[in-house]
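This report concerns only the one structure given below.
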Amino acid sequence: MSEPIVQDKIHLLMEETGCDPGEAELALASAGYDLEKAVRTIARLLRHIVALKGKFQAPASNLYGLVVLIADTRRSRLLRIRSVVSYNPSLYETVLDGDWYDVERSLYAFRLSEGALQQVSQGLERLLEDRWGGAEGERFHQWLLEKQTERIRENAERLVSSHFSGEAVTMTLVREELNLDQYRRVRREEGASAPPSPPSTGGAGESLALKVALEEVDDGVYARDIAPGDVVRALLTDERDIAQYVSKLLGGRSAEGLKSLPAPVEGITTDGEELRLQIRLSGSILGLARVRPETRLKVERREGDSWWRRLLTRRR
């Protein structure tokens, strides 16, 4: 086969799979330079997608948690982080040896069960993403690449402990390697039937943005006086099917109708005679609301931290 044709196939394979030239050449050679077969072959060769499945307990506060993380070790990128913190002790009985996807399904189920702490869970996701996707990212991804799961576990215990005001935390962590073919297959299944779980904007991919309304009260805070960090009460009014599903997942919808959810304000901009507020419903889900400046909203101010932050969280 002529060199130009081989090079064309290498470039096509790189574009199709995101592999580097050496991996593309190896896959083509292994497949007898059959491009279609090489696409399937390289998916089995590229073992750079890693899942970490963890569970932890904080005995002094009777708190339990689940964490699922997916990372691309070749590109040193976090693809997703999901967590739940709950008073429900059965959460800690979750088996981690199975497929990461099954663990994540359990995580979503516990988010909807009694005892789940939504804001604490969201805060933990943001903390882990900030540290492992930012400040401590280089070291974290090196540990992933070198399969130093024990060092990641120790680091995770320290971070979770800091999230709970220095309380002692015990964590179990299991590593699972996926090849590209497995990950793509799971993603296809996820798109068809699994709970929506788009990655967040802090470097792990895209966020899902939902239209929301903000709860109004006669003695509330004027919208013009709200600042980032304040916690508002959001109603998920978005009518799209995925929004309806997310609303039920987060506890914002029941048989009785819409339920307001507490959510921190991340940003405020002026758009004509209205204010546009961006709020964080979860580590990967944004809420977008429009209100007039004179609207009075139900707000928990930053200066008076909410009970869960006073009890459990100390931001570093």
Side-chain angles (χ1 to χ4, degrees), residues 61 63 65 78 81-85 111 116-136 159-167 198-204 206-238 246 250-252 259-271 274-316:
S61 297
L63 287 174
L78 292 181
I81 295 179
R82 300 290 179 265
S83 72
V84 61
V85 179
R111 280 186 176 181
L117 300 173
Q118 179 189 351
Q119 294 293 325
V120 181
S121 302
Q122 294 169 1
L124 181 57
E125 286 182 0
R126 287 193 293 270
L127 172 64
L128 295 178
E129 186 168 340
D130 288 345
R131 295 305 180 87
W132 288 345
E136 301 177 17
L159 292 177
V160 176
S161 175
S162 72
H163 191 61
F164 295 152
S165 302
E167 180 180 339
S200 63
T201 54
E206 301 176 354
S207 281
L208 176 66
L210 304 180
K211 293 180 181 179
V212 301
L214 302 181
E215 185 174 349
E216 302 179 19
V217 290
D218 292 339
D219 59 348
V221 177
Y222 286 113
R224 60 174 175 264
D225 295 328
I226 293 175
D230 291 339
V231 176
V232 296
R233 306 288 303 197
L235 297 163
L236 277 67
T237 55
D238 199 309
V246 169
L250 297 178
K259 296 171 58 179
S260 65
L261 300 172
V265 177
E266 290 193 339
I268 304 173
T269 57
T270 301
D271 186 2
E274 293 183 317
L275 299 176
R276 296 183 62 188
L277 281 74
Q278 176 176 302
I279 64 176
R280 179 63 64 174
L281 295 167
S282 79
S284 62
I285 301 174
L286 298 175
L288 303 177
R290 301 173 71 96
V291 296
R292 298 186 67 85
E294 64 273 14
T295 304
R296 286 181 175 267
L297 301 175
K298 188 173 184 179
V299 176
E300 298 175 22
R301 305 310 300 262
R302 279 180 305 175
E303 306 87 73
D305 280 342
S306 53
W307 68 268
W308 59 267
R309 189 184 298 276
R310 293 198 304 269
L311 177 65
L312 302 174
T313 307
R314 180 181 64 194
R315 288 284 183 186
R316 299 185 74 182

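Keep in mind that this is a model prediction, so the values were computed, not measured.
Legend: residues meeting salt bridge (Lys or Arg N to Asp or Glu O under 4.0 Å) with R290, ordered by chain and number and at least two apart, are D271, E274. With sequence neighbours left out, S83 forms a side chain to side chain contact (heavy atoms under 4.5 Å, CB included) with V67, S121, L124, E125. Taking A263 as the reference, I279, L281 meet the side chain to side chain contact (heavy atoms under 4.5 Å, CB included) condition, with sequence neighbours excluded. Partners of L261 under the side chain to side chain contact (heavy atoms under 4.5 Å, CB included) rule, at least two apart in sequence or in another chain, are Q118, L236, L250. With sequence neighbours excluded, no residue forms a side chain to side chain donor-acceptor pair (under 3.5 Å) with D218. In this structure R276 satisfies the salt bridge (Lys or Arg N to Asp or Glu O under 4.0 Å) test with no other residue, sequence neighbours excluded.
When side chains are defined from C-beta on, L210 does not count as touching L286, because their heavy atoms never get closer than 4.5 Å. Inter-residue side-chain proximity for H163 and R126 is flagged as unmet; no heavy-atom pair is nearer than 4.5 Å. With a 4.5 Å cut-off on side-chain heavy atoms, V212 and L235 do not count as touching.
D130 places no side-chain N or O within donor-acceptor distance of the main-chain N or O of L127, the cut-off being under 3.5 Å.
Considering all non-hydrogen atoms of both residues, L78 and W132 come closest at CD1-C, 3.8 Å. Between P262 and V231 the shortest heavy-atom distance is CB-CG1, 3.9 Å. R233 approaches S260 most closely through the heavy-atom pair NH2-O, 3.1 Å. Closest approach of V265 and A227 over heavy atoms only: CB-O, 4.1 Å. The shortest non-hydrogen separation linking E216 to L297 is CG-CD2, 3.8 Å. What you find for L214 and V232 is that their closest heavy atoms are CD2-CG2, 3.9 Å.
Rounding to the nearest 0.5 Å gives a distance of 6.0 Å between CG of L117 and CG of L63. Annotation: the span from T269 atom OG1 to Q278 atom CD amounts to 9.0 Å, rounded to 0.5 Å. Between the CZ atom in R296 and the CZ atom in R224 there is a gap of 8.5 Å [rounded to 0.5 Å]. The line from CG of L277 to CG of L288 is 9.5 Å long, rounded to the nearest 0.5 Å.
Defined by atom type and a distance below 3.5 Å, a donor-acceptor pair is missing between the side-chain atoms of S161 and E167.
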